[in-house]
Amino acid sequence: MDYRRTYVKDIFQLSPGTEVSAYGWVKTRRDSKGISFVQLSDGSCFQDLQIVIDAGVIDETTLKAVTTGACVRFDGTVVESPAAGQAVELKATGMELFGAADPQTYPLQKKGASFEFLREIAHLRVRGNTFGAVYRVRNQAAWAVHKFFQDRGFSYVNTPIITASDAEGAGAMFAVTSLLEAGVPVEDNPEAHAFRLKSTNPAEDFFGKPSYLTVSGQLEAETMALGLTNVYTFGPTFRAENSSTSRHLAEFWMVEPEMAFCDLEGDMNLAEEFLKEVIKHILDNCAGDLEFFNKRIEPELLQTLEHVVNSDFERLTYTEAIKYLEASDKKFEYDVYWGADLQSEHERWLTEEKVGRPVILTDYPKEIKAFYMRGNEDGKTVRAMDVLAPRIGEIIGGSQREERYDVLRHRIQEMGLPLEPYWWYLDLRKYGSAPHAGFGLGFERLLMYVTGMKNIRDVIPYHRTPGQADF
RNA sequence: UGCCGCAUAGCUCAGUCGGUAGAGCAGCUGACUGUUAAUCAGCGGGUCAUAGGUUCGAGUCCUAUUGCGGCAGCCA
(Lines give C-alpha, C1' and ligand atoms only; values in the text may rest on other atoms or scores of the structure.)
Protein backbone atom coordinates (compact mmCIF):
# COMPACT_ATOMS: atom_id res chain seq x y z
CA MET A 1 0.00 0.00 0.00
CA ASP A 2 1.23 3.43 -0.90
CA TYR A 3 0.27 6.73 0.71
CA ARG A 4 -0.85 8.00 -2.69
CA ARG A 5 -4.53 7.39 -3.03
CA THR A 6 -7.78 8.72 -4.27
CA TYR A 7 -9.36 10.57 -1.38
CA VAL A 8 -13.11 10.56 -0.94
CA LYS A 9 -13.21 14.24 -1.90
CA ASP A 10 -11.54 13.33 -5.22
CA ILE A 11 -13.94 10.46 -5.86
CA PHE A 12 -16.78 12.99 -5.99
CA GLN A 13 -15.00 14.59 -8.99
CA LEU A 14 -14.68 11.35 -11.00
CA SER A 15 -16.92 10.67 -13.99
CA PRO A 16 -19.45 7.86 -13.78
CA GLY A 17 -17.96 4.60 -14.98
CA THR A 18 -14.57 5.13 -13.32
CA GLU A 19 -13.33 2.23 -11.24
CA VAL A 20 -11.84 3.25 -7.93
CA SER A 21 -11.12 2.11 -4.37
CA ALA A 22 -12.35 4.09 -1.38
CA TYR A 23 -10.54 3.81 1.95
CA GLY A 24 -12.06 5.06 5.17
CA TRP A 25 -14.13 4.59 8.30
CA VAL A 26 -17.78 3.63 8.35
CA LYS A 27 -20.27 6.17 9.68
CA THR A 28 -23.39 4.03 9.28
CA ARG A 29 -24.80 1.11 7.35
CA ARG A 30 -28.44 0.86 6.31
CA ASP A 31 -29.94 -2.38 5.03
CA SER A 32 -32.98 -3.09 2.94
CA LYS A 33 -33.90 -6.38 1.41
CA GLY A 34 -31.41 -6.94 -1.36
CA ILE A 35 -29.42 -3.72 -0.91
CA SER A 36 -27.19 -2.06 1.66
CA PHE A 37 -25.90 1.49 1.97
CA VAL A 38 -22.69 2.47 3.74
CA GLN A 39 -21.64 6.03 4.58
CA LEU A 40 -17.86 6.18 4.32
CA SER A 41 -15.53 8.97 5.44
CA ASP A 42 -11.77 9.37 5.18
CA GLY A 43 -11.72 12.87 6.65
CA SER A 44 -10.80 14.51 3.36
CA CYS A 45 -14.07 16.42 3.16
CA PHE A 46 -17.28 16.90 5.06
CA GLN A 47 -19.45 14.79 2.80
CA ASP A 48 -19.50 11.02 3.21
CA LEU A 49 -19.24 8.74 0.21
CA GLN A 50 -22.27 6.51 -0.17
CA ILE A 51 -21.39 2.94 -1.04
CA VAL A 52 -24.16 0.87 -2.61
CA ILE A 53 -23.94 -2.87 -2.11
CA ASP A 54 -26.30 -5.19 -3.95
CA ALA A 55 -27.17 -8.42 -2.18
CA GLY A 56 -24.67 -11.18 -2.87
CA VAL A 57 -21.78 -8.90 -3.88
CA ILE A 58 -20.15 -9.08 -0.45
CA ASP A 59 -20.35 -12.24 1.63
CA GLU A 60 -22.75 -11.90 4.54
CA THR A 61 -20.24 -12.36 7.37
CA THR A 62 -17.96 -9.60 6.12
CA LEU A 63 -20.85 -7.26 5.42
CA LYS A 64 -22.15 -7.79 8.95
CA ALA A 65 -18.82 -6.58 10.30
CA VAL A 66 -19.22 -3.29 8.39
CA THR A 67 -20.55 -1.41 11.40
CA THR A 68 -20.14 2.15 12.64
CA GLY A 69 -16.44 2.80 13.25
CA ALA A 70 -15.08 -0.09 11.16
CA CYS A 71 -12.15 0.61 8.83
CA VAL A 72 -12.59 -0.66 5.28
CA ARG A 73 -11.69 -0.41 1.62
CA PHE A 74 -14.46 -0.63 -0.95
CA ASP A 75 -13.68 -1.32 -4.58
CA GLY A 76 -16.27 -0.38 -7.14
CA THR A 77 -17.51 1.85 -9.90
CA VAL A 78 -18.51 5.48 -9.65
CA VAL A 79 -22.16 5.81 -10.71
CA GLU A 80 -24.65 8.64 -10.84
CA SER A 81 -26.89 8.51 -7.80
CA PRO A 82 -30.59 8.00 -8.54
CA ALA A 83 -31.57 9.42 -5.15
CA ALA A 84 -31.26 12.84 -3.61
CA GLY A 85 -28.41 13.63 -1.23
CA GLN A 86 -25.40 13.04 -3.47
CA ALA A 87 -24.52 13.41 -7.14
CA VAL A 88 -22.46 10.24 -7.38
CA GLU A 89 -21.97 7.11 -5.30
CA LEU A 90 -19.80 4.02 -5.40
CA LYS A 91 -21.34 0.76 -6.56
CA ALA A 92 -19.35 -1.88 -4.75
CA THR A 93 -17.78 -4.86 -6.44
CA GLY A 94 -15.57 -5.94 -3.56
CA MET A 95 -14.13 -4.86 -0.24
CA GLU A 96 -11.51 -5.45 2.42
CA LEU A 97 -12.13 -5.14 6.14
CA PHE A 98 -9.03 -3.68 7.82
CA GLY A 99 -10.37 -3.32 11.33
CA ALA A 100 -13.78 -4.14 12.79
CA ALA A 101 -15.33 -2.02 15.57
CA ASP A 102 -17.42 -4.04 18.01
CA PRO A 103 -20.82 -2.28 17.95
CA GLN A 104 -21.54 -3.39 21.50
CA THR A 105 -18.68 -1.30 22.85
CA TYR A 106 -17.80 1.30 20.19
CA PRO A 107 -18.68 4.57 21.94
CA LEU A 108 -19.58 6.68 18.92
CA GLN A 109 -23.01 6.39 17.43
CA LYS A 110 -24.55 7.98 14.41
CA LYS A 111 -26.72 10.15 16.57
CA GLY A 112 -25.11 13.16 18.18
CA ALA A 113 -23.39 13.02 21.56
CA SER A 114 -22.60 15.90 23.89
CA PHE A 115 -19.29 17.70 23.47
CA GLU A 116 -18.49 16.90 27.10
CA PHE A 117 -18.79 13.18 26.42
CA LEU A 118 -16.79 13.44 23.22
CA ARG A 119 -13.95 15.10 25.14
CA GLU A 120 -13.63 11.89 27.13
CA ILE A 121 -13.13 9.96 23.90
CA ALA A 122 -11.07 12.61 22.15
CA HIS A 123 -9.06 9.90 20.38
CA LEU A 124 -12.20 8.82 18.49
CA ARG A 125 -14.15 12.04 18.08
CA VAL A 126 -12.11 13.02 15.01
CA ARG A 127 -14.22 10.48 13.11
CA GLY A 128 -17.42 12.38 13.72
CA ASN A 129 -18.91 15.16 11.60
CA THR A 130 -18.18 18.03 13.96
CA PHE A 131 -14.60 17.24 14.82
CA GLY A 132 -13.63 16.19 11.33
CA ALA A 133 -14.82 19.64 10.26
CA VAL A 134 -13.03 21.39 13.15
CA TYR A 135 -9.69 19.79 12.34
CA ARG A 136 -9.99 20.41 8.61
CA VAL A 137 -10.67 24.08 9.33
CA ARG A 138 -7.79 24.12 11.79
CA ASN A 139 -5.48 22.78 9.11
CA GLN A 140 -6.60 25.34 6.54
CA ALA A 141 -6.31 28.15 9.07
CA ALA A 142 -2.73 27.14 9.92
CA TRP A 143 -1.90 27.05 6.25
CA ALA A 144 -3.51 30.45 5.73
CA VAL A 145 -1.41 31.92 8.57
CA HIS A 146 1.82 30.85 6.91
CA LYS A 147 0.62 31.86 3.46
CA PHE A 148 -0.42 35.31 4.65
CA PHE A 149 2.97 36.12 6.12
CA GLN A 150 5.06 34.39 3.48
CA ASP A 151 3.22 36.32 0.74
CA ARG A 152 4.30 39.53 2.49
CA GLY A 153 7.96 38.68 2.96
CA PHE A 154 7.79 37.80 6.66
CA SER A 155 10.30 35.23 7.91
CA TYR A 156 9.03 32.36 10.02
CA VAL A 157 11.16 32.20 13.16
CA ASN A 158 11.18 29.73 16.05
CA THR A 159 11.53 31.20 19.51
CA PRO A 160 12.50 29.13 22.56
CA ILE A 161 9.92 27.03 24.36
CA ILE A 162 12.01 26.91 27.51
CA THR A 163 12.95 30.28 28.88
CA ALA A 164 14.84 31.45 31.92
CA SER A 165 13.32 34.91 31.95
CA ASP A 166 9.84 35.52 33.20
CA ALA A 167 9.12 37.32 29.96
CA GLU A 168 6.48 39.83 30.88
CA GLY A 169 6.23 39.43 34.62
CA ALA A 170 2.65 38.37 34.00
CA GLY A 171 0.85 35.07 34.05
CA ALA A 172 1.69 31.98 36.08
CA MET A 173 4.39 29.87 34.46
CA PHE A 174 5.16 26.16 34.46
CA ALA A 175 8.55 25.49 36.00
CA VAL A 176 10.96 23.32 34.01
CA THR A 177 13.40 21.47 36.23
CA SER A 178 15.61 18.42 36.43
CA LEU A 179 15.82 18.67 40.21
CA LEU A 180 12.80 16.44 40.71
CA GLU A 181 13.04 12.68 40.77
CA ALA A 182 9.72 11.10 39.87
CA GLY A 183 8.22 7.76 40.89
CA VAL A 184 9.68 7.60 44.38
CA PRO A 185 7.75 5.03 46.48
CA VAL A 186 5.78 6.38 49.42
CA GLU A 187 6.58 4.68 52.74
CA ASP A 188 3.19 3.77 54.20
CA ASN A 189 1.49 3.32 50.81
CA PRO A 190 3.16 0.87 48.39
CA GLU A 191 0.74 1.88 45.60
CA ALA A 192 1.61 5.58 45.70
CA HIS A 193 4.54 7.41 44.16
CA ALA A 194 5.87 10.85 44.90
CA PHE A 195 8.46 13.35 43.75
CA ARG A 196 11.76 13.73 45.51
CA LEU A 197 13.51 17.08 45.44
CA LYS A 198 17.19 16.46 44.71
CA SER A 199 18.19 19.99 45.57
CA THR A 200 16.57 23.29 46.36
CA ASN A 201 19.43 25.24 44.88
CA PRO A 202 18.52 26.71 41.46
CA ALA A 203 22.22 26.82 40.60
CA GLU A 204 22.25 23.03 40.55
CA ASP A 205 19.34 22.83 38.12
CA PHE A 206 19.76 21.89 34.49
CA PHE A 207 20.07 25.47 33.25
CA GLY A 208 21.82 26.76 36.33
CA LYS A 209 18.85 28.98 37.16
CA PRO A 210 15.06 28.72 37.37
CA SER A 211 13.51 28.11 33.98
CA TYR A 212 9.98 27.91 32.65
CA LEU A 213 7.81 27.07 29.68
CA THR A 214 7.36 30.18 27.59
CA VAL A 215 4.28 32.38 27.92
CA SER A 216 5.15 34.31 24.77
CA GLY A 217 7.83 34.41 22.13
CA GLN A 218 7.43 38.14 21.67
CA LEU A 219 10.62 39.40 23.27
CA GLU A 220 12.76 37.00 21.27
CA ALA A 221 10.72 37.72 18.13
CA GLU A 222 11.59 41.40 18.59
CA THR A 223 15.29 40.56 18.42
CA MET A 224 14.71 38.65 15.19
CA ALA A 225 12.70 41.51 13.69
CA LEU A 226 15.56 43.93 14.37
CA GLY A 227 17.66 42.11 11.78
CA LEU A 228 15.19 40.31 9.53
CA THR A 229 12.73 43.26 9.45
CA ASN A 230 9.45 41.33 9.36
CA VAL A 231 9.07 38.04 11.23
CA TYR A 232 6.39 35.85 12.75
CA THR A 233 6.25 32.94 15.14
CA PHE A 234 3.61 30.23 15.24
CA GLY A 235 4.10 27.86 18.11
CA PRO A 236 2.93 26.50 21.44
CA THR A 237 2.56 28.69 24.51
CA PHE A 238 1.96 27.72 28.12
CA ARG A 239 0.10 29.36 30.97
CA ALA A 240 -0.17 27.80 34.41
CA GLU A 241 -3.14 29.98 35.35
CA ASN A 242 -5.73 27.99 37.23
CA SER A 243 -8.46 29.27 34.96
CA SER A 244 -11.25 27.01 33.86
CA THR A 245 -13.31 28.85 31.29
CA SER A 246 -14.56 28.12 27.80
CA ARG A 247 -11.80 30.28 26.31
CA HIS A 248 -8.63 29.37 28.25
CA LEU A 249 -6.12 26.59 27.73
CA ALA A 250 -2.93 25.79 29.62
CA GLU A 251 -1.28 24.90 26.30
CA PHE A 252 -2.28 26.80 23.21
CA TRP A 253 -0.88 27.97 19.90
CA MET A 254 -0.01 31.56 19.29
CA VAL A 255 0.80 33.56 16.18
CA GLU A 256 3.10 36.51 16.84
CA PRO A 257 4.20 38.81 14.03
CA GLU A 258 6.81 41.46 14.79
CA MET A 259 7.71 44.26 12.40
CA ALA A 260 10.58 46.70 12.31
CA PHE A 261 9.81 50.17 10.96
CA CYS A 262 6.18 49.90 12.00
CA ASP A 263 3.96 51.89 14.34
CA LEU A 264 0.62 51.21 16.00
CA GLU A 265 -1.26 52.27 12.89
CA GLY A 266 0.64 49.75 10.77
CA ASP A 267 0.15 47.12 13.46
CA MET A 268 -3.62 47.62 13.38
CA ASN A 269 -3.64 47.50 9.60
CA LEU A 270 -1.76 44.22 9.65
CA ALA A 271 -4.06 42.70 12.28
CA GLU A 272 -7.17 43.62 10.34
CA GLU A 273 -5.77 42.48 7.00
CA PHE A 274 -4.59 39.26 8.62
CA LEU A 275 -7.93 38.32 10.17
CA LYS A 276 -9.79 39.13 6.97
CA GLU A 277 -7.48 37.14 4.77
CA VAL A 278 -7.41 34.07 7.00
CA ILE A 279 -11.20 34.11 7.25
CA LYS A 280 -11.50 34.55 3.50
CA HIS A 281 -9.20 31.57 2.98
CA ILE A 282 -11.45 29.45 5.21
CA LEU A 283 -14.56 30.65 3.38
CA ASP A 284 -12.95 29.73 0.06
CA ASN A 285 -11.51 26.38 1.11
CA CYS A 286 -13.82 24.93 3.76
CA ALA A 287 -17.25 25.61 2.29
CA GLY A 288 -18.72 22.23 3.21
CA ASP A 289 -17.47 22.40 6.77
CA LEU A 290 -18.66 25.97 7.30
CA GLU A 291 -22.07 25.08 5.95
CA PHE A 292 -22.29 22.43 8.64
CA PHE A 293 -21.19 24.83 11.40
CA ASN A 294 -23.70 27.35 10.13
CA LYS A 295 -26.49 24.78 10.23
CA ARG A 296 -25.72 22.98 13.47
CA ILE A 297 -23.40 25.09 15.63
CA GLU A 298 -23.83 28.82 15.03
CA PRO A 299 -26.81 29.97 12.93
CA GLU A 300 -25.40 33.36 11.88
CA LEU A 301 -21.88 32.11 11.21
CA LEU A 302 -21.57 32.48 7.44
CA GLN A 303 -23.28 35.85 7.44
CA THR A 304 -20.97 37.08 10.22
CA LEU A 305 -17.78 35.87 8.54
CA GLU A 306 -18.69 37.38 5.21
CA HIS A 307 -19.56 40.63 6.92
CA VAL A 308 -16.18 40.68 8.70
CA VAL A 309 -14.31 40.13 5.45
CA ASN A 310 -16.18 42.92 3.70
CA SER A 311 -16.37 45.68 6.29
CA ASP A 312 -13.85 47.78 8.16
CA PHE A 313 -13.15 47.07 11.79
CA GLU A 314 -14.28 49.78 14.16
CA ARG A 315 -11.32 51.60 15.71
CA LEU A 316 -11.74 53.31 19.06
CA THR A 317 -9.35 54.68 21.61
CA TYR A 318 -9.66 53.42 25.16
CA THR A 319 -10.79 56.91 26.16
CA GLU A 320 -13.58 56.87 23.56
CA ALA A 321 -14.63 53.39 24.63
CA ILE A 322 -14.91 54.52 28.24
CA LYS A 323 -17.14 57.40 27.12
CA TYR A 324 -19.45 55.01 25.26
CA LEU A 325 -19.56 52.65 28.22
CA GLU A 326 -20.36 55.47 30.60
CA ALA A 327 -23.14 56.69 28.33
CA SER A 328 -24.64 53.19 28.02
CA ASP A 329 -27.90 52.25 29.72
CA LYS A 330 -26.54 48.80 30.40
CA LYS A 331 -25.97 47.93 34.04
CA PHE A 332 -22.47 46.61 34.54
CA GLU A 333 -21.28 44.61 37.51
CA TYR A 334 -17.96 46.48 37.50
CA ASP A 335 -17.79 50.25 37.45
CA VAL A 336 -16.51 52.05 34.40
CA TYR A 337 -14.14 54.97 34.81
CA TRP A 338 -11.05 56.23 33.05
CA GLY A 339 -8.11 54.15 34.26
CA ALA A 340 -10.11 51.00 34.96
CA ASP A 341 -9.18 47.81 33.18
CA LEU A 342 -12.02 46.76 30.91
CA GLN A 343 -13.87 43.68 32.15
CA SER A 344 -15.26 40.91 29.95
CA GLU A 345 -18.73 42.40 30.25
CA HIS A 346 -17.49 45.76 28.97
CA GLU A 347 -15.60 44.27 26.05
CA ARG A 348 -18.57 42.14 25.15
CA TRP A 349 -20.93 45.08 25.20
CA LEU A 350 -18.64 47.11 22.95
CA THR A 351 -18.11 44.47 20.30
CA GLU A 352 -21.48 42.71 20.47
CA GLU A 353 -23.97 45.45 21.23
CA LYS A 354 -22.37 48.80 20.47
CA VAL A 355 -20.58 47.88 17.26
CA GLY A 356 -21.72 44.41 16.20
CA ARG A 357 -18.42 43.37 14.62
CA PRO A 358 -14.73 43.29 15.56
CA VAL A 359 -13.44 46.38 17.34
CA ILE A 360 -9.86 47.57 17.78
CA LEU A 361 -9.27 49.44 21.01
CA THR A 362 -6.09 51.52 21.31
CA ASP A 363 -4.14 53.81 23.60
CA TYR A 364 -4.78 52.28 26.99
CA PRO A 365 -3.60 53.80 30.29
CA LYS A 366 0.00 52.72 30.84
CA GLU A 367 -0.80 51.41 34.33
CA ILE A 368 -2.87 48.52 33.01
CA LYS A 369 -0.51 47.44 30.24
CA ALA A 370 2.90 45.81 29.95
CA PHE A 371 6.21 47.61 30.41
CA TYR A 372 7.39 47.25 26.80
CA MET A 373 4.58 49.25 25.19
CA ARG A 374 5.46 52.56 23.52
CA GLY A 375 4.54 55.57 25.60
CA ASN A 376 2.39 58.28 24.06
CA GLU A 377 3.23 61.96 24.25
CA ASP A 378 0.46 62.56 26.80
CA GLY A 379 2.51 60.60 29.33
CA LYS A 380 -0.61 58.72 30.43
CA THR A 381 -1.34 56.21 27.69
CA VAL A 382 0.58 53.64 25.67
CA ARG A 383 0.31 52.50 22.06
CA ALA A 384 -1.48 49.25 22.79
CA MET A 385 -4.24 47.65 20.81
CA ASP A 386 -6.69 44.85 21.50
CA VAL A 387 -8.87 43.34 18.81
CA LEU A 388 -12.16 42.27 20.33
CA ALA A 389 -14.55 39.97 18.53
CA PRO A 390 -18.18 39.16 19.27
CA ARG A 391 -18.74 35.85 21.12
CA ILE A 392 -15.10 35.33 22.14
CA GLY A 393 -13.73 38.64 23.36
CA GLU A 394 -10.03 39.42 22.99
CA ILE A 395 -8.61 37.63 19.98
CA ILE A 396 -5.50 39.76 19.42
CA GLY A 397 -3.38 41.80 21.79
CA GLY A 398 -0.56 43.92 20.46
CA SER A 399 1.35 47.16 20.64
CA GLN A 400 4.00 49.39 19.25
CA ARG A 401 7.10 48.61 21.32
CA GLU A 402 9.05 51.14 23.34
CA GLU A 403 12.21 51.68 21.26
CA ARG A 404 13.81 54.46 23.39
CA TYR A 405 16.48 53.03 25.67
CA ASP A 406 16.10 55.45 28.57
CA VAL A 407 12.32 55.32 28.56
CA LEU A 408 12.24 51.51 28.51
CA ARG A 409 14.81 51.24 31.27
CA HIS A 410 12.78 53.62 33.34
CA ARG A 411 9.54 51.70 32.70
CA ILE A 412 11.07 48.38 33.77
CA GLN A 413 12.14 49.92 37.04
CA GLU A 414 8.86 51.74 37.47
CA MET A 415 7.00 48.43 37.22
CA GLY A 416 9.25 46.98 39.90
CA LEU A 417 10.95 44.52 37.56
CA PRO A 418 14.65 43.63 37.77
CA LEU A 419 16.83 45.08 35.01
CA GLU A 420 19.35 42.26 34.82
CA PRO A 421 17.28 39.61 32.94
CA TYR A 422 16.41 42.20 30.30
CA TRP A 423 19.98 43.14 29.41
CA TRP A 424 19.68 41.74 25.91
CA TYR A 425 16.23 43.26 25.43
CA LEU A 426 17.66 46.63 26.42
CA ASP A 427 20.63 46.07 24.09
CA LEU A 428 18.17 46.13 21.20
CA ARG A 429 17.46 49.75 22.09
CA LYS A 430 21.09 50.53 22.66
CA TYR A 431 22.35 49.32 19.29
CA GLY A 432 20.46 50.16 16.14
CA SER A 433 17.06 50.57 17.70
CA ALA A 434 14.08 50.93 15.40
CA PRO A 435 10.44 51.75 15.84
CA HIS A 436 8.68 48.42 15.77
CA ALA A 437 5.37 46.79 16.57
CA GLY A 438 3.65 43.43 16.71
CA PHE A 439 0.81 41.43 18.13
CA GLY A 440 -0.17 38.04 19.49
CA LEU A 441 -3.11 36.05 18.22
CA GLY A 442 -4.57 33.09 20.07
CA PHE A 443 -4.92 30.51 17.32
CA GLU A 444 -7.65 28.55 19.11
CA ARG A 445 -9.65 31.71 19.68
CA LEU A 446 -9.49 32.41 15.98
CA LEU A 447 -10.77 28.89 15.39
CA MET A 448 -13.64 29.43 17.82
CA TYR A 449 -14.53 32.50 15.85
CA VAL A 450 -14.49 30.88 12.42
CA THR A 451 -16.20 27.62 13.43
CA GLY A 452 -18.69 28.98 15.95
CA MET A 453 -17.59 26.33 18.46
CA LYS A 454 -18.39 27.55 21.97
CA ASN A 455 -15.64 25.84 23.96
CA ILE A 456 -11.93 26.26 23.25
CA ARG A 457 -11.35 22.65 24.37
CA ASP A 458 -13.18 21.58 21.23
CA VAL A 459 -10.95 23.28 18.66
CA ILE A 460 -7.70 21.56 19.67
CA PRO A 461 -7.22 17.79 19.38
CA TYR A 462 -6.18 17.25 22.99
CA HIS A 463 -6.79 20.05 25.44
CA ARG A 464 -4.67 20.81 28.48
CA THR A 465 -6.61 22.51 31.26
CA PRO A 466 -6.36 22.36 35.07
CA GLY A 467 -6.65 18.72 36.08
CA GLN A 468 -6.74 17.46 32.50
CA ALA A 469 -3.79 16.13 30.51
CA ASP A 470 -5.16 12.85 29.12
CA PHE A 471 -4.06 11.51 25.76
C1' U B 1 -8.98 30.83 43.26
C1' G B 2 -14.31 32.54 44.15
C1' C B 3 -19.59 31.96 43.03
C1' C B 4 -23.39 28.91 40.67
C1' G B 5 -25.27 24.43 38.37
C1' C B 6 -25.23 19.28 37.14
C1' A B 7 -24.16 13.78 38.15
C1' U B 8 -30.22 8.16 36.83
C1' A B 9 -29.23 2.37 31.07
C1' G B 10 -23.68 2.54 26.17
C1' C B 11 -25.58 7.93 24.66
C1' U B 12 -29.35 12.07 25.43
C1' C B 13 -32.66 12.75 29.18
C1' A B 14 -37.63 12.28 32.27
C1' G B 15 -38.66 10.72 37.22
C1' U B 16 -44.74 14.82 40.52
C1' C B 17 -45.67 15.44 47.52
C1' G B 18 -40.13 10.88 50.03
C1' G B 19 -43.54 5.04 48.65
C1' U B 20 -39.38 0.52 45.67
C1' A B 21 -36.76 2.54 37.84
C1' G B 22 -38.93 5.13 32.71
C1' A B 23 -38.55 7.07 27.40
C1' G B 24 -35.96 8.02 22.82
C1' C B 25 -31.62 6.63 20.45
C1' A B 26 -27.68 2.86 20.31
C1' G B 27 -27.14 -2.78 20.71
C1' C B 28 -29.30 -7.78 19.60
C1' U B 29 -33.25 -10.81 16.64
C1' G B 30 -36.45 -10.43 12.55
C1' A B 31 -39.29 -7.75 8.36
C1' C B 32 -38.88 -4.52 4.06
C1' U B 33 -35.61 -3.72 -3.67
C1' G B 34 -32.91 2.90 -3.14
C1' U B 35 -31.81 4.31 2.02
C1' U B 36 -29.97 9.61 3.65
C1' A B 37 -30.02 10.69 11.92
C1' A B 38 -34.19 4.98 7.05
C1' U B 39 -38.79 2.69 8.71
C1' C B 40 -41.69 -1.32 11.32
C1' A B 41 -42.10 -5.46 15.15
C1' G B 42 -39.83 -7.91 19.24
C1' C B 43 -35.75 -8.66 23.07
C1' G B 44 -31.91 -7.66 26.57
C1' G B 45 -29.89 -3.62 29.37
C1' G B 46 -29.54 0.05 36.25
C1' U B 47 -24.47 -0.40 42.84
C1' C B 48 -29.60 6.30 40.53
C1' A B 49 -21.17 9.48 41.13
C1' U B 50 -18.95 8.07 46.23
C1' A B 51 -19.34 8.06 51.69
C1' G B 52 -22.20 9.25 55.77
C1' G B 53 -26.92 11.19 57.91
C1' U B 54 -32.53 12.07 58.62
C1' U B 55 -36.80 8.63 57.97
C1' C B 56 -40.95 2.94 58.81
C1' G B 57 -39.14 3.96 53.83
C1' A B 58 -34.31 8.13 49.95
C1' G B 59 -33.05 8.55 42.78
C1' U B 60 -35.84 12.46 45.54
C1' C B 61 -34.21 15.75 51.85
C1' C B 62 -29.24 17.12 54.65
C1' U B 63 -23.60 17.00 54.99
C1' A B 64 -18.92 15.91 52.96
C1' U B 65 -15.96 14.23 48.89
C1' U B 66 -14.99 13.45 43.71
C1' G B 67 -15.89 14.51 38.63
C1' C B 68 -17.88 17.61 34.85
C1' G B 69 -19.83 22.23 33.19
C1' G B 70 -20.94 27.67 33.38
C1' C B 71 -19.58 32.56 34.99
C1' A B 72 -15.87 35.84 37.19
C1' G B 73 -10.68 37.03 37.88
C1' C B 74 -6.26 36.32 34.61
C1' C B 75 -5.33 36.52 29.65
C1' A B 76 -4.56 34.98 23.82
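In what follows, every chain begins at residue 1, and chains take the letters A, B, ... in the order their sequences are listed.
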Visitor: How many Å lie between CZ on A:Arg119 and P on B:A7, as a whole number?
Guide: 18 Å
Visitor: Select one nucleotide: of B:U35, B:A72, B:G27, the one nearest the side-chain heavy atoms of A:Pro103.
Guide: B:G27
Visitor: Between A:Tyr212 and A:Phe174, is the ring centre distance below 6.0 Å?
Guide: no
Visitor: Does A:Asn294 use its side chain to pair, donor to acceptor, with the backbone of A:Leu302 at less than 3.5 Å?
Guide: yes
Visitor: Indicate, yes or no, whether a donor-acceptor pair under 3.5 Å links the base of B:A76 to the side chain of A:Arg239.
Guide: yes
Visitor: Report yes or no: is the ring centroid of A:Phe443 under 5.5 Å from the six-membered base ring centroid of B:A76, with the two planes under 30 degrees?
Guide: no
Visitor: Check every atom of B:G73, B:U1, B:U36 against the side chain of A:Gln343 and return the nucleotide holding the closest atom.
Guide: B:G73
Visitor: Just name whichever nucleotide pairs with B:C6, Watson-Crick or G-U, keeping both distances under 3.5 Å, else none.
Guide: B:G67
Visitor: If you take atom types as modelled and just measure distance, does the side chain of A:Gln109 reach the base of B:G10 with a donor-acceptor pair under 3.5 Å?
Guide: yes
Visitor: Can you tell which of B:G73, B:U12, B:U35 lies closest to the side chain of A:Glu89?
Guide: B:U35
Visitor: When only distance counts, do a donor and an acceptor, one from the side chain of A:Arg30 and one from the base of B:C32, lie under 3.5 Å apart?
Guide: no
Visitor: Identify which nucleotide among B:G34, B:A72, B:U33 has an atom closest to any side-chain atom of A:Thr245, counting heavy atoms from C-beta outward.
Guide: B:A72
Visitor: Determine, for A:Tyr449 and A:Arg445, whether the Lys NZ or Arg CZ falls below 6.0 Å from the six-membered ring centre while staying within 45 degrees of the axis.
Guide: no
Visitor: Over 60° means perpendicular and under 30° means parallel, so tell me whether A:Phe274 and A:Phe148 are parallel, tilted or perpendicular.
Guide: perpendicular
